[in-house]
2 protein chains.
Amino acid sequence: MPQNDAVRISAKADYAVRAMAELASAAGTGPMKGDQIAQAQGIPLKFLLNILSELKHARLVRSYRGAEGGYELARDAKDISLADIIRAVEGPLASVHEVRPEEIRYEGAAASLQDVWIAVRANLRAVLEVVSLSDLVGGALPEEVRALATNPEAWSSH
Amino acid sequence: MPQNDAVRISAKADYAVRAMAELASAAGTGPMKGDQIAQAQGIPLKFLLNILSELKHARLVRSYRGAEGGYELARDAKDISLADIIRAVEGPLASVHEVRPEEIRYEGAAASLQDVWIAVRANLRAVLEVVSLSDLVGGALPEEVRALATNPEAWSSH
DNA sequence: CACCATCTCCACCAGTTCAGTAGACATGGG
DNA sequence: CCCATGTCTACTGAACTGGTGGAGATGGTG
């Protein structure tokens, strides 16, 4: 039974987004400790620390050490998209056969296939680039996204 | 450097779609041999045979043995979507943390996150479910998909 | 200064998946 | 009977996933 899906949000990406959401909701109250984030979101602490360290290198969070230490967002929650977070921990959003879609060439019958992969990526971006952390924690998703998510069809396994 | 992306079309899925496209373009001229498909699309023969065998079990192709054997589509090319093909070789189109998006629950700050994943999947389906094999080999993608693919923005790595 | 809390970095690990490859076998036609 | 094709099971090396462990750096506090 294959476990690799066309769209696969890994545990790491999922944790990264949830940790960032936690930081966004705690913004303004000083740094939040790794341990608090881990508790709040049910994430293994050491794994979370690894992820936060990647987010720090991507300059999405700032960190402080010592007894009053912890993490905080490096910029306003409305200026951080989910795509920013996922790219920071997983590299490019989309790939085909380990290559970016715009770099492929197809022969013969499959010539238009590249356009399809490009369209898939565009539609993925249309969600992940427009949803910001402040949208997420405020529970107020952009209208287009909200429309997609409230369509009952979207909830069926098909 | 991580190689796992949010959207990842594996070699297997890519090969499956291309092989089906080849079969679609050869429809009506009798079965096409594995070897011909492999040559036409540059796919390792034995790997392709594995894939075709999965497509057969999913009843997307029919096969014949012997000197005049080969493969052909099990139904009309316009009645096979790319989503059908990808699901046949890779299971569900989308998953989060190895689970279907509609089965997750998030706590606290990330409560709306489920809606985001649902929207992502919906937008993925909006491409892969509507493009049929006959659209693909005819080079005539549905208008919505064409619009996505011709937007220059969609071609930038960003 | 010592001490404690916190983040940081590197290394490692078990299990799974990916992308194939190998080879024996089934079956159709001549 | 022979040959060409598809079918099935099994294997493999490399990479990735989802972590864990431990030493060390760096703050603040007494």
Side-chain angles (χ1 to χ4, degrees), chain A residues 1-6 8-16 18-19 23 30-39 41-58 61-72 74 86 89-92 95-99, chain B residues 1-6 8-16 18-19 23 30-39 41-72 74 86 89-92 95-99:
Chain A
M1 234 148 289
Q3 212 52 30
N4 170 35
D5 313 317
R8 162 163 209 285
I9 306 298
S10 65
K12 186 167 162 184
D14 184 53
Y15 290 161
R18 285 158 57 194
L23 291 180
M32 188 173 184
K33 297 187 213 313
D35 193 49
Q36 294 178 291
I37 304 172
Q39 299 267 335
Q41 288 291 329
I43 303 173
L45 178 59
K46 291 291 300 195
F47 195 28
L48 175 65
L49 292 177
N50 289 344
I51 294 167
L52 285 166
S53 153
E54 292 184 52
L55 292 170
K56 182 199 161 137
H57 280 108
V61 305
R62 274 190 295 264
S63 66
Y64 306 94
R65 305 196 217 202
E68 294 297 297
Y71 301 87
E72 67 185 13
I86 295 176
V89 300
E90 302 216 337
S95 69
V96 179
H97 208 167
E98 319 294 294
V99 158
Chain B
M1 235 149 287
Q3 212 53 29
N4 169 34
D5 313 319
R8 164 163 207 284
I9 306 299
S10 65
K12 186 166 160 185
D14 184 53
Y15 290 161
R18 285 156 59 193
L23 290 179
M32 188 173 185
K33 295 186 213 314
D35 193 49
Q36 295 178 289
I37 305 172
Q39 300 268 333
Q41 288 292 329
I43 304 174
L45 177 60
K46 292 290 299 196
F47 194 27
L48 175 64
L49 292 175
N50 289 343
I51 294 167
L52 285 166
S53 155
E54 291 183 53
L55 292 171
K56 182 200 161 135
H57 280 110
R59 290 163 207 277
L60 294 177
V61 306
R62 273 190 296 265
S63 66
Y64 307 93
R65 304 196 217 202
E68 294 297 298
Y71 300 87
E72 66 185 15
I86 295 176
V89 300
E90 302 216 337
S95 69
V96 178
H97 209 167
E98 318 296 291
V99 157

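Within every chain, numbering begins at 1; the chains are lettered A, B, ... in the order of the sequence lines, protein sequences first and strands thereafter.
- A/Asn50 comes within 4.0 angstrom of a base, heavy atoms only.
- Here the nucleotide nearest the side chain of A/Arg8, chosen from C/dC7, D/dT17, C/dA19, is D/dT17.
- In this structure the side chain of A/Ser63 reaches within 4.5 angstrom of the side chain of A/Tyr71, judged on heavy atoms.
- Between D/dT7 and B/Ser63, a contact under 4.0 Å exists linking OP1 or OP2 to a side-chain N or O.
- Rounding to whole angstrom units, CG of residue A/Leu49 and P of C/dC7 are separated by 6 Å.
- Counting distance only, with no hydrogens placed and no angle test, the side-chain atoms of B/Arg65 and the base atoms of D/dA4 include no donor-acceptor pair under 3.5 Å.
- For the OP1/OP2 pair of D/dG19 and a distance below 4.0 Å, the side-chain nitrogens and oxygens of A/Tyr15 include at least one atom meeting the criterion.
- The nearest heavy atom of DNA chain C to A/Leu45 and to B/Pro44 marks one nucleotide each, and the one closer to the 5' end goes with A/Leu45.
- In this structure, the CZ atom of B/Phe47 is 15 Å from the C1' atom of C/dA22, given to the nearest Å.
- Computed from coordinates, the B/Lys56 NZ to D/dG6 P distance equals 11 Å when rounded to whole Å.
- Nearer the 5' end of DNA chain D, as judged by each residue's closest nucleotide, is the contact made by B/His57, out of B/His97 and B/His57.
- The CG-C1' distance, from B/Asp35 to D/dT5, rounds to 10 Å in whole Å.
- You'll find a donor-acceptor pair under 3.5 Å spanning the side chain of B/Lys46 and the base of C/dG23, going by distance alone.
- If A/Ala11 and B/Ala67 are placed on DNA chain D by their nearest nucleotide, the residue sitting closer to the 5' end is B/Ala67.
- Judged purely by atom type and a 3.5 angstrom limit, A/Lys33 uses its side chain to pair as donor or acceptor with the backbone of A/Ala67.
- The minimum heavy-atom distance between A/Leu48 and A/Ala19, with the atom names listed, is CD1-CB, 3.8 Å.
- Judged purely by atom type and a 3.5 angstrom limit, A/Gln41 has no side-chain atom pairing as donor or acceptor with the backbone of A/Ala38.
- In this structure, B/Met32 places its CE atom 11 Å from P of D/dG6, rounding to the nearest Å.
- Atom CZ in A/Arg18 sits about 14 Å away from atom C1' in D/dG18, given to the nearest Å.
- For the pair A/Ile37/A/Leu52, a side-chain contact is recorded, criterion being any heavy-atom separation below 4.5 Å from C-beta on.
- Of the candidates C/dA19, D/dG19, D/dG6, the closest approach to any side-chain atom of B/Tyr71 belongs to D/dG6.
- If you measure from atom CG of B/Leu48 to atom P of C/dT21, you get 12 Å, rounded to the nearest angstrom.
- A straight line from CD of B/Glu68 to P of D/dG6 spans 11 Å, rounded to a whole angstrom.
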